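First up is the structure itself, then whatever we jot down about it.
All values reported here derive from a predicted model rather than from experimental measurement.
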Amino acid sequence: MIELRAVTKRYGDLLALDDVGFTVRPGRLTGFVGANGAGKTTAMRIVMGVLRADAGQVLIDGEPLDATTRRQFGYMPEERGLYPKMKVAEQLAYLATLHGFDTATGLARAHVLLDRLGLAHRAGDPVQSLSLGNQQRAQIAAALVHDPSALVLDEPFSGLDPLAVDTVVAVLTEHAHRGLPVLFSSHQLDVVERLCDDLVIIAGGTVRAAGEREELRAHHGGSRYQLVAPGPGWVGDEPGVQVVEATAEQVVFTADEATAQQVLRTAVDRGPVHRFAPVVPSLAEIFREVMTGAQVACEQVAP
């Protein structure tokens, strides 16, 4: 388990990370989301030792994370870092040898990964000849070729078409199921929602929400309910109910649980009820809610 505890980082007067803390658990994919400049890349670079925190700790299984352990991690930076003129498979094999594999084993691992990522036909081509999306897949292979103990991936889906995203998602899921902790950032919230087990939302260098995906969805769903029944216009007249949206066949409203149950009883008394359930928000809706709350908080403390 990777754990950040009270990590703080400043760049001059800019507080890039403010008391940041969250965990990345083994066997689980943790999505790390936030607006541009929120602090995601800074936090990931601190995990990998590229940057040093001004305060706080990064731990692995309860012990301080050191350079030796970090060498066992698979890291994909936001900026591509492969040698452009070197052939793809040869480069991956070379990276594997830096982690103790012999050349033949490294080359074999490279070909397996390239095949799994749909790049087998480009194994003998120089990196610079690949499209940006294929370079991205090669970079992901570079993070995986040495059989890492954890994965830290900064925007791994950037530049990928939908089919390539599906391929990469499958590969990352396989590695997580082997027991690896996987931390990845992405602006593609639909992919994060489909892929992640846990979620961390950061804004202005501060973690605003963190936890299991379904727990966060339930929590931020709050008190919204959907009733599907003929002629539900009467719901807005019920005490303690606020209608969010309504049509001739359904209504979405907010209310406390007791009031919602009373609405259901009344609906059943009035006729057939086709559906009644809490409204579970999407990740995009949770993200907007958290970001709006963060913006309001910043405005309240501004001089």
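- With rounding to the nearest 0.5 angstrom, the CG atom of Leu107 is 7.5 Å from the CD atom of Glu90.
- Taking hydrophobic clusters as Ile, Leu, Val, Met, Phe, Trp and Tyr residues chained together by side-chain heavy-atom distances below 4.5 Å, Leu29 shares a cluster with Leu199.
- Under a cutoff of 6.0 Å and an axis angle of 45°, Lys9 and Tyr11 form a cation-pi pair.
- To the nearest 0.5 Å, the span separating CG on Leu82 from CD on Gln136 amounts to 10.0 Å.
- Counting heavy atoms of neighbouring residues, nucleotides and ligands inside a 6.0 Å radius, atom OH of Tyr94 does not exceed 12 of them.
- Under the 3.5 Å distance criterion, with hydrogens and angles disregarded, no donor-acceptor pair is assigned to the side chains of Thr266 and Asp269.
- Placement of Leu65 and Tyr75 within a single hydrophobic cluster is found when ILVMFWY residues are connected by side-chain heavy-atom separations under 4.5 Å, directly or transitively.
- Side-chain contact between His187 and Asn36 is present, with heavy atoms from C-beta onward closer than 4.5 Å.
- Between Leu92 and Arg109 there is no side-chain heavy-atom pair separated by less than 4.5 Å.
- Under the 4.5 Å side-chain heavy-atom criterion for Ile, Leu, Val, Met, Phe, Trp and Tyr, Val228 and Val279 are members of distinct hydrophobic clusters.
- Here the straight-line distance linking atom CG of Leu59 with atom OG1 of Thr69 works out to 11.5 Å at 0.5 Å rounding.
- One distance of note links CE of Met76 with CE of Met48; it measures 13.0 Å at 0.5 Å rounding.
- Distance alone, capped at 3.5 Å, is enough to place a donor-acceptor pair between the Thr247 side chain and the Glu249 backbone.
- Expressed to the nearest 0.5 Å, how far NZ of Lys40 lies from CZ of Arg45 amounts to 11.5 Å.
- The closest side-chain heavy-atom distance from Leu15 to Thr8 is below 4.5 Å.
- At least one side-chain heavy atom of Ile202 sits less than 4.5 Å from a side-chain heavy atom of Leu17.
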Under the side-chain contact (heavy atoms from CB on, under 4.5 Å) criterion, do Leu172 and Leu153 qualify, and how do the steps go?
CA-CA 10 Å; Leu172 296 183; Leu153 310 172; 3.6 Å; yes

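- Of all heavy-atom pairs spanning Ala120 and Asp115, the tightest one is CB-CA, 3.9 Å.
- Using a cut-off of 4.0 Å between Lys/Arg side-chain N and Asp/Glu carboxylate O, Arg194 and Asp166 are scored as salt-bridged.
- Under the 4.0 Å criterion applied to side-chain N and carboxylate O atoms, Arg25 and Glu212 are assigned as salt-bridge partners.
- Using a 4.5 Å cut-off on side-chain heavy atoms (C-beta onward), Val168 and Phe184 make no contact.
- Here the closest non-hydrogen pair linking Ser185 and Asp154 is OG-OD1, 2.7 Å.
- In the displayed structure, Glu174 atom CD is contacted under 6.0 Å by more than 12 heavy atoms of other residues, nucleotides or ligands.
- Of all heavy-atom pairs spanning Ala248 and Pro232, the tightest one is O-CD, 3.2 Å.
- Arg213 places a side-chain N or O within donor-acceptor distance of the main-chain N or O of Cys196, the cut-off being under 3.5 Å.
- Checking side-chain atoms of Glu193 against main-chain N and O of Leu283 turns up a donor-acceptor pair under 3.5 Å.
- For the pair Gln57 (side chain) and Ala6 (backbone), a donor-acceptor distance under 3.5 Å is absent.
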Applying side-chain contact (heavy atoms from CB on, under 4.5 Å) to Phe101 and Val145, what does each step give before you reach the verdict?
CA-CA 10 Å; Phe101 290 93; Val145 72; over 6 Å; no

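- Of the possible donor and acceptor atoms, none in the side chain of Gln139 sits under 3.5 Å from a partner among the backbone N and O of Pro77.
- In this structure, Ala229 and Val273 approach most closely via the heavy-atom pair CB-CA, 4.3 Å.
- Tracing side-chain contacts under 4.5 Å through hydrophobic residues (I, L, V, M, F, W, Y), one reaches Ile60 starting from Val20; they form part of the same cluster.
- Using a 4.5 Å heavy-atom cutoff, the side chains of Tyr83 and Val127 are not in contact.
- For Thr167 (side chain) and Leu117 (main-chain N/O), no donor-acceptor pair under 3.5 Å exists by modelled atom type.
- At distances below 3.5 Å, at least one donor-acceptor pair connects side-chain atoms of Ser129 with backbone N or O atoms of Pro126.
- The backbone N or O of Val235 lies less than 3.5 Å from no partner atom in the side chain of Glu238, so there is not a single donor-acceptor pair.
- Surrounding CZ of Arg52 are at most 12 heavy atoms belonging to other residues, nucleotides or ligands under 6.0 Å away.
- Taking 4.5 Å as the limit, some side-chain heavy atom of Val169 sits within range of a side-chain heavy atom of Phe157.
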Would Tyr225 and Glu257 satisfy side-chain contact (heavy atoms from CB on, under 4.5 Å), going step by step from the backbone distance to the final call?
CA-CA 9 Å; Tyr225 297 85; Glu257 185 175 357; 4.0 Å; yes

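- Between Leu144 and Val171, the closest side-chain pair of non-hydrogen atoms falls below 4.5 Å.
- Tracing side-chain contacts under 4.5 Å through hydrophobic residues (I, L, V, M, F, W, Y), one reaches Leu160 starting from Leu151; they form part of the same cluster.
- The minimum heavy-atom distance linking Ala255 with Ala260 is given by the pair CB-N, 4.2 Å.
- Counting only distance, with no hydrogens or angles, the side chain of His111 and the backbone of Ala89 share no donor-acceptor pair below 3.5 Å.
- With values rounded to the nearest 0.5 angstrom, Leu119 atom CG is found 6.5 Å from Leu130 atom CG.
- The minimum heavy-atom distance between Met1 and Asp61, with the atom names listed, is N-OD1, 2.5 Å.
- With hydrogens and angles ignored, the 3.5 Å screen pairs a side-chain donor or acceptor of Ser186 with a backbone N or O of Gln188.
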